[in-house]
Amino acid sequence: MAAVPTLMRPGYIYNLNAMYSPQLLDHFQNPRNAGDVAGADAIVEAANPVCGDMLRLSLKVADGRLTQIGFKAKGCVPSMACASALTEMVAGKTLLEARTVSEHRDDLIAAVGGLPQASTHAAQLALDALALALTQLRP
């Protein structure tokens, strides 16, 4: 019997290690805060019409702080990783602090260890969803 070609091996993901940082792959393979937050104070859905990536954020606030944030994503590896990293970046922050995060795409890109130029849309989608969710909440 012939050996199974490398690309056919179960669990093998084509060339991801060469394309993406270890931090990005960790967020993709072990997403933080995945799922909807029960009793959320804000729920938004954002999409990138060019590539089709979709992101849903749900947030819960207490005493002016984001106490819980969850996400559901459908899209490329960077989109899922950026959503996961974003939830870690803003959890526990005040609404004002979270608004500041939503204005700094480079910080999110750094949190996932960098992105290929063609994938920077993933960070922008996550930040756009956060900014939209924050508009639903009082300061």
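Across every non-hydrogen atom of F71 and S84, the tightest pair is CE2-CA, 3.6 Å. Closest approach of A133 to L59, counting heavy atoms only: CB-CD1, 3.3 Å. In terms of heavy-atom proximity, L132 sits nearest to E45 at CD2-O, 4.2 Å. For the pair I69 and V90, the tightest heavy-atom approach, listed with the atom from each and the gap, is CD1-CG2, 3.6 Å. Of all non-hydrogen atoms in S102 and L130, the two that sit nearest each other are CB-CD2, 3.8 Å. Shown here for A111 and A85, the closest heavy-atom pair between the two residues is CB-CB, 4.4 Å.
For A123, the side chain to side chain contact (heavy atoms under 4.5 Å, CB included) test picks out C82, R105, L108, I109, L115, with sequence neighbours left out. Residues passing the side chain to side chain contact (heavy atoms under 4.5 Å, CB included) test with D63: none are found, sequence neighbours excluded. Under the salt bridge (Lys or Arg N to Asp or Glu O under 4.0 Å) criterion, D107 pairs with no residue, sequence neighbours left out.
In this structure, NE2 in H27 is found 10.0 Å from CG in N33, a value given to the nearest 0.5 Å. For the atom pair OG1 of T135 and CZ of R99, the computed distance is 8.0 Å after rounding to the nearest 0.5 Å. For the atom pair CG (L66) and OG1 (T94), the distance works out to 8.0 Å, reported to the nearest 0.5 Å. The SG atom of C76 lies 4.0 Å from the NE2 atom of H121; values are rounded to the nearest 0.5 Å.
Connection of V37 to L95 is not established within any shared hydrophobic cluster, with ILVMFWY side chains joined at heavy-atom distances below 4.5 Å, either directly or through further cluster members. Hydrophobic clustering, with ILVMFWY side chains joined whenever heavy atoms are under 4.5 angstrom apart, keeps M54 apart from L57. Using a 4.5 Å cut-off between side-chain heavy atoms of Ile, Leu, Val, Met, Phe, Trp and Tyr, with links allowed through other members, L125 and L127 fall into the same hydrophobic cluster.
Side-chain contact between V44 and L55: absent, with no pair of heavy atoms (C-beta onward) separated by less than 4.5 Å.
Here R65 pairs with E97 in a salt bridge; the nearest charged N to carboxylate O distance falls below 4.0 Å.
Checked by atom type and distance alone, the side chain of D53 never pairs as donor or acceptor with a backbone atom of S79 at under 3.5 Å. Proximity of a side-chain donor or acceptor of T100 to a complementary backbone N or O of L96 within less than 3.5 Å is detected.
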Discussion item. Apply salt bridge (charged side-chain N to carboxylate O under 4.0 Å, His left out) to residues R32 and D26 and explain how you reach the verdict.
Written reply: CA-CA 10 Å; R32 282 64 145 184; D26 183 48; 2.6 Å; yes

Worksheet entry | Audit row: M80, K74, side chain to side chain contact (heavy atoms under 4.5 Å, CB included) steps and yes/no | CA-CA 7 Å; M80 291 187 226; K74 183 177 180 182; over 6 Å; no

Practice prompt. For I43 and R56, run side chain to side chain contact (heavy atoms under 4.5 Å, CB included): C-alpha distance rounded to whole Å, both residues' side-chain angles, the deciding distance at 0.1 Å, then the answer.
Written response: CA-CA 7 Å; I43 299 173; R56 176 182 170 106; 3.6 Å; yes

Worksheet item: Run the side chain to side chain contact (heavy atoms under 4.5 Å, CB included) check on Q136 and D41 step by step: do they pass?
Response: CA-CA 8 Å; Q136 293 185 6; D41 297 308; over 6 Å; no

Worksheet item: Given the rule in the side chain to side chain contact (heavy atoms under 4.5 Å, CB included) test, do K72 and D36 qualify, once you have shown the distances and angles that lead to the verdict?
Response: CA-CA 7 Å; K72 287 186 173 181; D36 286 327; 3.4 Å; yes

